[in-house]
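Numbered from 1 within each chain, the chains take letters A, B, ... in sequence-line order.
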Amino acid sequence: MDRQALIRRLESIIGPRGVITERNQLRTYECDGLANYRVIPSVVVLPETAEQAQGAVRACHQAGVPFVARGSGTGLSGGALPVSDGVLIVLARMRRILEVDLDNQRALVEPGVLNLQVTKAVAGDGFYYAPDPSSQQVCSIGGNVAENSGGAHCLKYGFTTNHVTGLEVVLPDGELVHLGGGKAPDPPGYDLLGAFVGSEGTLGIATKVTLRLLRKPEAVRTLMAAFDGTDQAGDAVSSIIGAGIVPAAIEMMDALAMEAAEAAVHVHYPEEAGAVLIVELDGPQAEVEHQFDEVERLCREAGSTTIQIAADDDQRALFWKGRKSAFAAVGRISPDYYVQDGVIPRTALPEVLRRISRLADERGLRVANVFHAGDGNLHPLVLFDGEVEGQERRAEELAAEILYTCLDHGGSITGEHGVGFDKKQHLPRQFSAEDLDAMQLVRCAFDPEGRSNPGKVFPTPRLCGERPGPRQAHPAEQAGLAEVF
Amino acid sequence: MADNIAPAFDAFHPPEQELIDDCVHCGFCLPTCPTYVLWGEEMDSPRGRIYLMEIGLQGETMNDEMVRHFDQCLGCMACVTACPSGVQYGKLIEATRQQVERRHPRSRRDRAFRALVFRLFPYPRRLRLLRGPLRVYQRSRLGALLRRAGLLDRLPERMSAMERLLPTLGRMEAVPAVTPAVGQRRRRVGMLTGCVQRVFFPEVNAATARVLAADGCEVVAPPGQRCCGALSLHAGREAEAQAFARAAIEEFEAAGTDEVVVNAAGCGSAMKEYGHLLRDDPEFAGRAAAFSARVRDLSELLVELGPVAPRHPLPITVAWHDACHLGHAQGIRAQPRNALAAIPGLEVREIGEAEICCGSAGIYNLVEPKPATELGDRKAASVLATGADLLVTSNPGCLMQIRTALERRGERLAMAHLAEVLDAAVQGADPRSLLDRR
Amino acid sequence: MGVQDLEREGLVRPADGAFEVDGVPAGLVARPGSVEEASQVLRAAAQDGLAVAFQGGGSKLGLGNPPERVDLLVSTAGLDQVLEHAAGDLVVRVQAGARLADLQAALAPAGQWLALDPPEPRATVGGVVAANASGPRRLRYGTVRDLIIGITVVLADGTVAHAGGKVVKNVAGYDLAKLFCGSLGTLGMVVEATFRLHPLPAAASAVTLQLETAEEAGEAVRLLGRSPLEPSAIELTWSGPGLPARLTVPFEGIRPGADAQAAAAAELLGRVGEAAVLGPGETEFALAQLGVLPFEKAEVVVKVAYPPAELPAVLADLRAGPLLGQVRAHAGTGVLWVASGFRDVRSLATAIGRARERLAARGGSLVVVKAPPELKRAVDAWGPAGDALGLMRRVKERFDPDRRMSPGRFVGGI
């Protein structure tokens with residue numbers, strides 16, 4: 001099928017208002033939250049219903065054309081980077097909250113619903129949706145499902161995968177299936193929902209999502225403790241965890257990250273602090289009160305210079321706003337920067353931070369650190385100026401070195417941003433060829449023709465016709481069409 | 001089209017690459033953008049529009065599609081509030097609109113309508129000429145008859161949009177050239193009487209002058225003043241806006257006041273930008289910057305000064321609507337709430353989705369009636385959900401827009417400008433004087 | 001190398017009629033002592049086309065349908081090491097054959113535990129993963145899928161593959177660990193797993209509520225769900241139709257928190273019936289009872305999963321026919337275990353079919369977890385697996401193209 005025929009077919013399914021083909025308009029979709037990579041899609045469609053989305057996928061399948069799903073386009077790994085001969089299926093118009101069932105603590109939503117909208121819809125009844133990525137005001141639930149998004153409060157409450165209990169999915173051949181139990185637990189069969197969440201759009205498109213809603217905790221207490229440096233702040237984190245306390249969140253920012261956030265939201269961080277920790281406890285009143293005193297004591301013992309306790313919801317919101325704006329706010333102190341995302345065992349924190357700082361010094365670059373300290377998820381922001389000859393390349397190298405440092409310490413190349421397009425060449429450093437082949441088995445079961453978000457996550461596609469076993473070169477690779485990174 | 005190969009922008013003040021570079025493509029602006037909320041399309045979001053500007057700078061053509069997405073921007077500046085990277089979207093879209101106005105051939109109909117709007121609204125005298133026939137038209141219920149007969153619907157969409165928006169006119173009430181301060185004089189302030197405000201909402205200007213006077217301000221309203229240029233500025237009619245700005249600066253300089261007080265959000269926001277607007281004018285650049293620094297919104301000045309006149313109780317519930325050009329463009333949110341909260345017995349309720357524009361946006365509801373109507377409906381629903389007795393805001397456009405949207409639902413709600421509520425409290429007026437209106 | 005070679009090396013030996021899976025005798029048995037040996041065994045089995053099943057503690061061998069054949073039964077008993085306990089990171093890496101009880105004992109000195117409390121005393125880590133075993137505290141901590149962060153498996157062809165890792169937060173690659181949770185040996189052999197740990201609660205306090213009707217139970221669950229209380233479990237025990245029932249609600253954490261919550265819960269539940277905070281000795285006894293496998297002596301046990309708010313309606317559904325006997329429910333999560341009296345196959349099979357229809361309409365399911373062979377022949381242990389069954393079959397085909405891993409034991413004949 002040629003492009004024009006496919007466009008006509010898509011228009012007949014979705015209507016002309018939902019099909020974009022004009023070059024300038026298409027170009028606004030050429031990248032997601034990571035603007036380093038850009039590809040103009042052949043067509044963009046904006047379905048309004050699951051049926052339309054299914055129709056679009058089926059049309060792609062019949063035409064033999066690849067497709068990429070996109071939600072709000074806020075991903076930081078290029079996971080929604082279009083393919084030039086493919087259709088970009090944008091779920092932003094599928095944004096209805098279909099059902100709220102508080103007695104079963106579930107909400108059924110369409111994939112384009114924004115993360116924070118879910119909480120807003122149930123807050124009046126004392127409930128909320130727990131995963132809270134920093135972009136929660138704009139990122140979509142469908143995107144969260146694809147990326148298995150985390151957030152600051154995942155330390156205690158887990159990730160998207162722990163809060164999604166049912167999915168309606170359009171498979172790459174257009175078949176519609178239901179995964180997970182939805183409102184009932186333990187459905188018989190394989191946990192395909194578990195495999196789908198976090199698969200970065202490579203297994204199909206979620207068109208309905210059942211979410212677990214949590215009752216708002218009785219009490220929330222938040223403090224911001226300043227330290228001379230990240231070492232002392234890291235000690236405080238260790239002693240809090242060591243004391244058997246599971247805070248709702250422990251976040252750390254270093255001096256440079258504070259400088260950026262301060263410029264954006266005026267939190268009034270203590271001057272001359274080398275690091276701050278935001279520690280939040282939530283739960284039953286009596287427990288929170290008791291443990292909060294202990295956290296305060298442990299911070300002081302670790303050398304905290306000043307401790308501010310959020311007096312009310314507004315101040316708590318301000319603490320968090322500073323933290324959650326930090327990435328974008330770095331734009332205020334540096335012309336360009338990379339947002340890196342890596343994970344280490346939390347206990348390796350001081351050592352890894354020292355190494356990052358040494359690596360940065362060697363390259364004459366600055367790194368601002370913002371991270372989920374409780375679970376060892378680092379977000380080093382590598383600052384550079386693209387105008388300065390060679391800086392961009394050095395920054396890229398440094399960003400990669402940081403990932404390798406994480407792997408050296410038994411960590412991961414991504415804690416929440418995903419592999420996407422950006423990090424696929426690093427995946428073989430974390431997993432063996434056998435590991436990746438085992439993952440491909442899942443891919444081939446869902447998408448034997450490799451049409452759903454091709455070229456993401458995995459560096460080298462293995463054709464699905466191949467039998468598993470000792471790895472052989474991919475035919476495309478042999479033909480010189482693909483490259484093993 | 002012959003100009004298909006020409007790049008989108010010429011060298012004269014295109015949207016600045018440096019300002020575009022501030023955008024890190026994070027998307028935080030999306031959910032606060034009214035057109036993105038309506039359509040969910042990247043091109044109709046601030047991030048998408050900035051992207052269009054960027055590819056325009058890189059050489060893509062300014063075609064009808066590109067222009068359409070710039071035109072559809074309400075200029076509400078909600079994205080500026082949401083942006084963690086500090087992108088100055090206002091400057092970007094204004095620069096873009098100037099290029100569009102200069103370089104993009106519009107259809108004859110579009111040109112004619114825009115010309116009509118800009119030959120009418122910025123000119124109080126012309127507007128006033130319209131008042132007489134309008135009052136007759138409204139009193140005769142001719143409008144209702146025509147509407148019932150479906151005749152109005154046959155007018156071009158934009159004309160009928162204009163008809164629906166026109167407020168019911170009351171008595172003309174002029175503000176004197178000088179209103180002396182009550183008691184000790186604390187300030188000598190200039191007051192912008194505006195064009196739409198002056199003609200369609202004269203009582204708001206009168207209330208503004210009384211409240212300022214009551215709180216110790218001598219109020220100077222230069223009788224020669226014209227439009228501030230906000231409508232032109234926000235529509236990309238740069239030269240026109242500059243002419244208005246120069247005239248305003250000269251007029252108020254001559255009046256020799258401490259501050260210049262504005263009671264219309266859009267005007268205040270534009271006047272605070274005079275410095276940027278006239279940055280290339282050697283004669284005016286410095287004067288404009290100094291002038292902009294003296295511009296205050298009514299609520300801003302009142303809170304800055306602190307009240308002198310006692311506020312009498314007003315036992316009513318009000319919903320405060322943040323006009324975009326007050327909240328987003330000027331960052332003024334706390335002051336009007338504080339001013340209202342200082343009135344004994346008055347309860348202020350917040351409107352859901354407060355950050356989303358009501359669709360008025362200068363002349364937007366005239367040139368883009370469809371999205372404006374949808375946004376108006378959305379806002380009307382949120383306003384009604386508060387259950388308040390009275391809707392209060394500080395922009396004439398918002399008042400007209402929300403009233404029209406409420407009427408479409410067959411609902412009525414009393415509405416007042418902030419100045420009128422404060423005036424009622426200062427005068428000790430019966431709350432019914434506010435609630436019985438409209 | 002074929003299986004015969006491994007027999008010579010002593011890695012594989014004849015079962016001699018001493019081993020079976022759900023009534024199906026095993027031909028050979030193997031007890032690899034390392035991942036490499038496990039890989040060798042499975043590679044040999046692949047070469048010889050042997051059907052393979054796996055055994056941990058042996059407590060779940062009756063789960064699912066009887067396998068079509070068991071040429072080789074591979075035990076994880078030789079893989080019983082706790083490999084790495086990073087207490088500061090709240091993470092443990094452990095071999096599949098390690099007993100859960102032994103693991104907990106090893107973690108306790110650090111004040112930590114793996115927050116899984118399945119009732120089977122012999123349960124191994126691998127068995128808990130493969131059978132998706134859970135207990136009362138899943139209300140608070142989730143199930144094994146929520147706690148597993150890394151896995152090592154040996155695939156049908158002997159390939160050793162890993163997924164996840166040893167950090168709690170990690171989204172690199174597909175989450176194969178979850179895919180293997182509850183896969184019951186049909187995709188390959190779980191040899192190692194890594195889990196996130198929780199601090200051991202320092203104190204506990206429990207509330208009980210005496211119940212007269214199913215509606216009261218439903219109301220109690222609803223009230224707790226709407227309150228900000230954070231119980232570790234909400235357990236319903238009911239001796240059967242016409243008999244009284246009891247709800248046990250433990251709160252675990254630090255002393256002041258547990259006590260305050262128990263007091264608040266007693267007051268809240270007092271609206272429904274007679275509620276009381278248990279004394280220290282009683283609490284200990286009640287918690288111990290929660291950990292006991294229900295209905296060990298019953299001949300037929302079914303597990304019903306349902307939306308938790310529909311407890312009264314589900315009990316009413318089950319009441320029709322001979323299905324409903326003693327009941328034990330994780331009432332907060334929507335899982336209930338029913339011990340049925342076994343009279344005749346036909347009436348039970350009919351009752352199961354009818355109950356499944358009603359549950360399907362509620363989005364729930366009914367799994368026969370224990371039954372005599374004649375009943376197992378008459379009903380599918382799992383019931384319908386929904387519209388994703390075709391996809392599940394395709395997953396199975398990719399992982400086990402020759403259909404040798406516990407064939408026939410899983411849903412839809414997988």
Side-chain angles (χ1 to χ4, degrees), chain A residues 103-105 147-148 150 158 162 177-179 181-192 194-195 198-199 215-218 238 241-242 244 246 283-284 286-287 290 343 345-347 375-377 410-416 418-419 427 430-431 434-435 438-439 441-442 444-445 468-469, chain C residues 86 88-90 111 132 142 145-146 155 157 159-163 165-176 178-179 181-183 199 222 225 228 230 253-254 256-257 260-261 305-309 333-335 363-365 367 382-383 385-389 391-392 394-395 398-399 411:
Chain A
D103 282 335
N104 284 310
Q105 309 200 342
E147 301 297 314
N148 186 17
N162 307 110
V177 296
H178 294 82
L179 310 181
K183 292 182 185 179
D186 297 0
Y190 294 130
D191 186 358
L192 297 184
S199 61
R215 185 74 172 75
K216 266 194 237 165
E218 191 178 23
S238 290
I241 302 272
V246 183
E287 193 168 302
H290 184 272
V343 193
R346 200 190 42 73
T347 44
D375 43 28
N377 187 187
S412 169
I413 59 167
T414 171
E416 54 188 6
V419 178
L427 200 63
Q430 186 169 347
F431 293 109
E434 288 77 16
D435 302 343
M439 293 175 191
L441 296 174
V442 177
C444 292
Chain C
D89 295 315
L90 288 157
N132 187 24
R145 78 186 291 284
D146 297 302
L155 299 178
D157 64 356
T159 303
V160 179
H162 311 78
K166 59 174 189 175
V167 284
V168 169
K169 210 168 179 183
N170 179 7
V171 295
Y174 289 157
D175 196 344
L176 296 186
K178 287 194 177 57
L179 185 64
C181 287
S183 64
R222 200 186 70 85
E230 294 177 10
I254 55 171
Q261 288 203 81
Y306 60 96
T333 35
V335 172
S365 62
V367 174
W382 303 101
D387 58 13
L389 180 61
L391 184 59
M392 290 179 195
R394 297 201 284 279
V395 170
R398 292 287 169 183
F399 276 83
V411 295

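- The residue among A:Gly415, A:Gly194, A:Gly418, A:Gly242 with the most heavy atom pairs within less than 4.5 Å of chain C is A:Gly415.
- For A:Glu218, the parts lying near chain C are the backbone and the side chain together; criterion is any non-hydrogen pair under 4.5 Å.
- Residue contact with chain A, scored on non-hydrogen atoms closer than 4.5 Å, involves the side chain of C:Leu90 exclusively.
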Open item on the list: Quick one, C:Leu176 with A:Met439, criterion side chain to side chain contact (heavy atoms under 4.5 Å, CB included). Give me CA distance, side-chain angles, the key distance, then yes/no.
Closed with: CA-CA 7 Å; C:Leu176 296 186; A:Met439 293 175 191; 4.0 Å; yes
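- C:Asn170 touches chain A through backbone and side chain together, each having a heavy atom under 4.5 Å away.
- Comparing C:Lys169, C:His162, C:Arg394 by heavy-atom pairs within less than 4.5 Å of chain A, the highest count is held by C:Lys169.
- In this structure, the separation between CG on A:Asp191 and CE on C:Met392 is 9.0 Å, given to the nearest 0.5 Å.
- What you find for C:Ala172 and A:Leu427 is that their closest heavy atoms are CB-CD1, 3.9 Å.
- Atom OG1 in C:Thr333 sits 8.0 Å away from atom CG in A:Asp186 (nearest 0.5 Å).
- Between chain A and the residues C:Asp387, C:Val167, C:Leu155, the most heavy-atom pairs under 4.5 angstrom are made by C:Asp387.
- Residue contact with chain C, scored on non-hydrogen atoms closer than 4.5 Å, is absent for A:Ser238.
- Here the shortest heavy-atom pairing between C:Val335 and A:Pro185 reads CG2-CG, 3.6 Å.
- Proximity to chain A involves both the backbone and the side chain of C:Val395, based on heavy atoms less than 4.5 angstrom apart.
- The line from CD of C:Gln261 to CD of A:Glu287 is 6.5 Å long, rounded to the nearest 0.5 Å.
- Interface residue C:Ile254: backbone and side-chain heavy atoms are both found under 4.5 Å from chain A.
- Only the side chain of C:Ala260 comes within less than 4.5 Å of a heavy atom of chain A; its backbone N, CA, C and O stay farther away.
- C:Asp89 contributes a side-chain N or O that, together with a main-chain N or O of A:Arg346, makes up a donor-acceptor pair within less than 3.5 Å.
- With a threshold of 4.5 angstrom between heavy atoms, A:Tyr190 approaches chain C through its backbone and through its side chain.
- The candidate from A:Thr347, A:Ile413, A:Val419 with the greatest count of non-hydrogen atom pairs under 4.5 Å with chain C is A:Thr347.
- Using a 4.5 Å cut-off between heavy atoms, C:Ser183 touches chain A through backbone and side chain atoms alike.
- Of the listed residues C:Gly257, C:Ala388, C:Pro228, the one with more heavy-atom pairs under 4.5 angstrom with chain A than any other is C:Pro228.
- Only the side chain of A:Gln105 comes within less than 4.5 Å of a heavy atom of chain C; its backbone N, CA, C and O stay farther away.
- Minimum heavy-atom separation, C:Trp382 to A:Pro188: O-CG, 3.6 Å.
- The residue among C:Pro199, C:Pro307, C:Gly88 with the most heavy atom pairs within less than 4.5 Å of chain A is C:Pro307.
- Of the inter-residue distances, the one linking A:Asn148 atom CG with C:Tyr174 atom OH reads 13.5 Å to the nearest 0.5 angstrom.
- Interface remark: C:Val171 contributes backbone and side-chain atoms alike to the contact with chain A (heavy atom separation under 4.5 Å).
- Annotation: maximal heavy-atom pairing with chain C below 4.5 Å, among A:Ala184, A:Ala438, A:Gly182, A:Ala286, occurs at A:Ala184.
- Note that CG of A:Asn162 and NZ of C:Lys178 are 6.0 Å apart. Values are rounded to the nearest 0.5 Å.
- Using a 4.5 Å cut-off between heavy atoms, C:Leu179 touches chain A through backbone and side chain atoms alike.
- Among C:Gly253, C:Cys181, C:Gly173, C:Gly386, the residue with the largest count of heavy-atom pairs under 4.5 Å with chain A is C:Gly173.
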